[in-house]
Amino acid sequence: MKKITFLIVIALMTTATVMAQGPRRGGQGQQRERDPKAQAERMTERMAKEYSLNEEQKKQLSELNLTMTQEMSKKAEENAKKEKKNKEAKSKEVEKQREARKAQMDDYNTKLKKILTEEQYNDYIKKREERQKRMEQGGGRQQGRQPRQAQ
């Protein structure tokens with residue numbers, strides 16, 4: 001029983017690894033690029049040879065395959081549109097979050113200004129601007145400090 005369970009786990013892990021690598025040339029990625037009619041014709045020819053279909057069967061299968069591939073193509077386009085809308089929605093959400101953080105920082109700075117003296121607040125603003133400049137340049141650490149070693 002343990003051996004069977006172990007083999008099933010190995011098979012599932014292998015399958016997951018292969019699936020995670022994505023489609024290869026000639027695989028699923030190319031099938032999506034073809035138009036439905038060409039895909040239906042290819043499927044029909046393959047099945048006609050494989051199952052030795054007569055002309056009437058081949059004609060009926062061709063119609064069926066064309067209908068199916070057109071529906072699949074339509075669904076794929078709808079899914080792509082939905083995905084695009086989701087990306088736009090995420091972009092809008094990120095912008096809302098950015099605006100909310102800015103409003104929060106403005107409120108913080110207003111309250112901080114009431115707490116600190118004018119000199120202290122000016123020093124705070126100066127240091128904040130220096131930090132922002134370092135972050136923009138990609139050097140988030142203070143000068144003179146050594147970067148942490150990776151463990």
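Residues forming a salt bridge (Lys or Arg N to Asp or Glu O under 4.0 Å) with Lys58 (at least two apart in sequence, or on another chain): Glu45.
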Show me the donor-acceptor pairs within less than 3.5 Å that the side chains of residues 66-77 make with the rest of the protein, sequence neighbours left out.
residue: Thr67; atom: OG1; partner: Glu63; partner atom: O; Å: 2.9
residue: Thr69; atom: OG1; partner: Pro36; partner atom: O; Å: 3.0
residue: Thr69; atom: OG1; partner: Asn65; partner atom: O; Å: 3.0
residue: Thr69; atom: OG1; partner: Leu66; partner atom: O; Å: 3.1

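Side-chain contact of Gln132 with Glu136: a donor-acceptor pair under 3.5 Å is absent, judged by distance alone.
Looking at Tyr124 and Gln120, their side chains never come closer than 4.5 Å, going by heavy atoms from C-beta outward. The closest side-chain heavy-atom distance from Lys96 to Glu93 is below 4.5 Å. Taking 4.5 Å as the limit, every side-chain heavy atom of Lys114 sits out of range of all side-chain heavy atoms of Lys111.
The neighbour count for Ile10 CD1, taken as heavy atoms of other residues, nucleotides or ligands under 6.0 Å away, is above 12. In this structure, Gln104 places its CD atom where only 12 or fewer heavy-atom neighbours from other residues, nucleotides or ligands lie under 6.0 Å away. No more than 12 heavy atoms of other residues, nucleotides or ligands sit less than 6.0 Å from atom CD of Glu118.
We find the CG-CZ distance between Leu61 and Arg46 to be 9.5 Å, quoted to the nearest 0.5 Å. Note: Gln97 CD to Glu99 CD = 11.0 Å, rounded to the nearest 0.5 Å. Within the model, atoms NZ of Lys37 and CG of Asp35 stand 8.5 Å from one another, a figure rounded to the nearest 0.5 Å. To the nearest 0.5 Å, atoms CD (Glu130) and NZ (Lys126) are separated by 6.0 Å.
Side-chain N or O atoms of Asp123 include none that pairs as donor or acceptor with a backbone N or O of Glu119 at under 3.5 Å.
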CA sep, side-chain torsions, deciding dist, call: Arg101, Met105, side chain to side chain contact (heavy atoms under 4.5 Å, CB included): CA-CA 6 Å; Arg101 282 193 306 268; Met105 282 304 296; 5.7 Å; no
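A continuous path of Ile, Leu, Val, Met, Phe, Trp and Tyr side chains, each step under 4.5 Å between heavy atoms, connects Leu112 with Ile125, placing both in one hydrophobic cluster.
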